[in-house]
> 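Got a structure for you, written out below as structure tokens; questions coming shortly.
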Amino acid sequence: QVQLVESGGGLVQAGGSLRLSCAASGRTFSSYAMAWFRQAPGKEREFVTGISWSSGRIYSADFVKGRFTISRDNAKNTVYLQMNSLKPEDTAVYYCAANLYGLGSGNPSNYEYWGQGTQVTVSS
């Protein structure tokens with residue numbers, strides 16, 4: 001069982017930055033691919049970016065376009081999402097997810113564990 005707890009969300013002006021963190025419980029964090037998804041009001045949950053459990057390969061949605069960076073610290077059981085050049089359309093609840101021995105790709109059905117989400121609001 002893995003528990004995921006996101007933090008770091010908040011209100012930021014367009015063009016600003018935020019760093020989200022997702023802390024995982026358990027001793028096998030390094031065996032999990034980790035990803036970030038988001039869900040805006042009235043929209044479906046969408047993939048943002050993910051990182052594999054072994055090679056560190058990263059997958060990202062097109063809208064990331066170099067603005068967001070995922071990283072992981074296996075010693076701290078934590079995955080991060082650095083978000084720069086934020087836009088109002090980035091406003092959403094951001095969720096981290098874990099997939100045992102996964103690639104970190106964008107299919108949400110691959111992920112066994114989800115956090116509760118953290119709200120990111122970007123004002124114009």
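Along the sequence shown, residues carry numbers from 1.
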> Transitively linked via ILVMFWY side-chain contacts under 4.5 Å: Val2 with Leu81?
yes

> Does Asn110 reach the main-chain N or O of Ser105 with its side chain, forming a donor-acceptor pair under 3.5 Å?
no

> Is there side-chain contact between Arg19 and Tyr80, with at least one heavy-atom pair below 4.5 Å?
yes

> Excluding sequence neighbours, so at least two apart, what forms side chain to side chain donor-acceptor pair (under 3.5 Å) with Arg67?
Asp90

> Residues two or more places apart in sequence or in another chain: which of them pass side chain to side chain donor-acceptor pair (under 3.5 Å) with Ser52?
Ser55

> Nearest 0.5 Å please: distance from the CE atom of Met34 over to the OG1 atom of Thr49.
12.0 Å

> If hydrophobic clusters are built by linking Ile, Leu, Val, Met, Phe, Trp and Tyr wherever their side-chain heavy atoms come under 4.5 Å apart, do Ile58 and Leu20 end up in the same one?
yes

> Under the ring-ring contact (aromatic ring centres under 6.0 Å, His included) definition, can you give me all pairs with a residue in residues 51-74, not counting sequence neighbours?
Trp53-Tyr101

> Please check if Ile70 and Tyr95 belong to a single hydrophobic cluster, counting links between Ile, Leu, Val, Met, Phe, Trp and Tyr side chain heavy atoms closer than 4.5 Å.
no

> In chain order, what residues pass the side chain to side chain donor-acceptor pair (under 3.5 Å) check against Thr121, with sequence neighbours excluded?
Gln119

> Shortest non-hydrogen contact from Asn74 to Ser30?
ND2-CB, 3.6 Å

> When rounded to the nearest 0.5 angstrom, what distance separates OG1 in Thr69 from CE in Met83?
11.0 Å

> Apply side chain to side chain donor-acceptor pair (under 3.5 Å) to residues Asp73 and Thr78 and explain how you reach the verdict.
CA-CA 5 Å; Asp73 186 337; Thr78 301; over 6 Å; no

> With Asn107, which residues qualify under side chain to side chain donor-acceptor pair (under 3.5 Å), at least two apart?
Ser109

> Taking the side chain as every heavy atom from C-beta outward, state whether Val120 and Arg38 have any atom pair closer than 4.5 Å.
no

> Counting C-beta onward and ignoring hydrogens, is there a side-chain heavy-atom pair between Gln39 and Glu46 closer than 4.5 Å?
no

> Using atom types as modelled and distance alone, determine if a side-chain donor or acceptor of Glu6 lies under 3.5 Å from a backbone N or O of Gly117.
yes

> Main chain of Leu100, side chain of Glu112: is a donor-acceptor contact present, judged purely on distance under 3.5 Å?
yes

> Do any pairs count as a ring-ring contact (aromatic ring centres under 6.0 Å, His included) and have a residue in residues 13-49, sequence neighbours left out, and if so which ones?
Phe37-Phe47, Phe37-Tyr111, Phe37-Trp114

> Would Val79 and Tyr94 show up in the same hydrophobic cluster when neighbours are defined by side-chain heavy atoms closer than 4.5 Å?
yes

> Can you find a heavy atom in the side chain of Val93 that is under 4.5 Å from one in the side chain of Thr118?
no

> If you round to the nearest 0.5 Å, how far is SG of Cys96 from CD of Gln116?
7.5 Å

> Where do Ser85 and Ser17 come nearest, in terms of heavy atoms and distance?
N-OG, 4.4 Å

> Can you find a pair of side-chain heavy atoms, one from Pro108 and one from Arg45, that are under 4.5 Å apart?
no

> Do you know the tightest heavy-atom contact between Val64 and Val48?
CG2-O, 3.4 Å

> Quick one: closest heavy-atom pair of Ser124 and Pro88, and the distance?
CB-CG, 3.9 Å

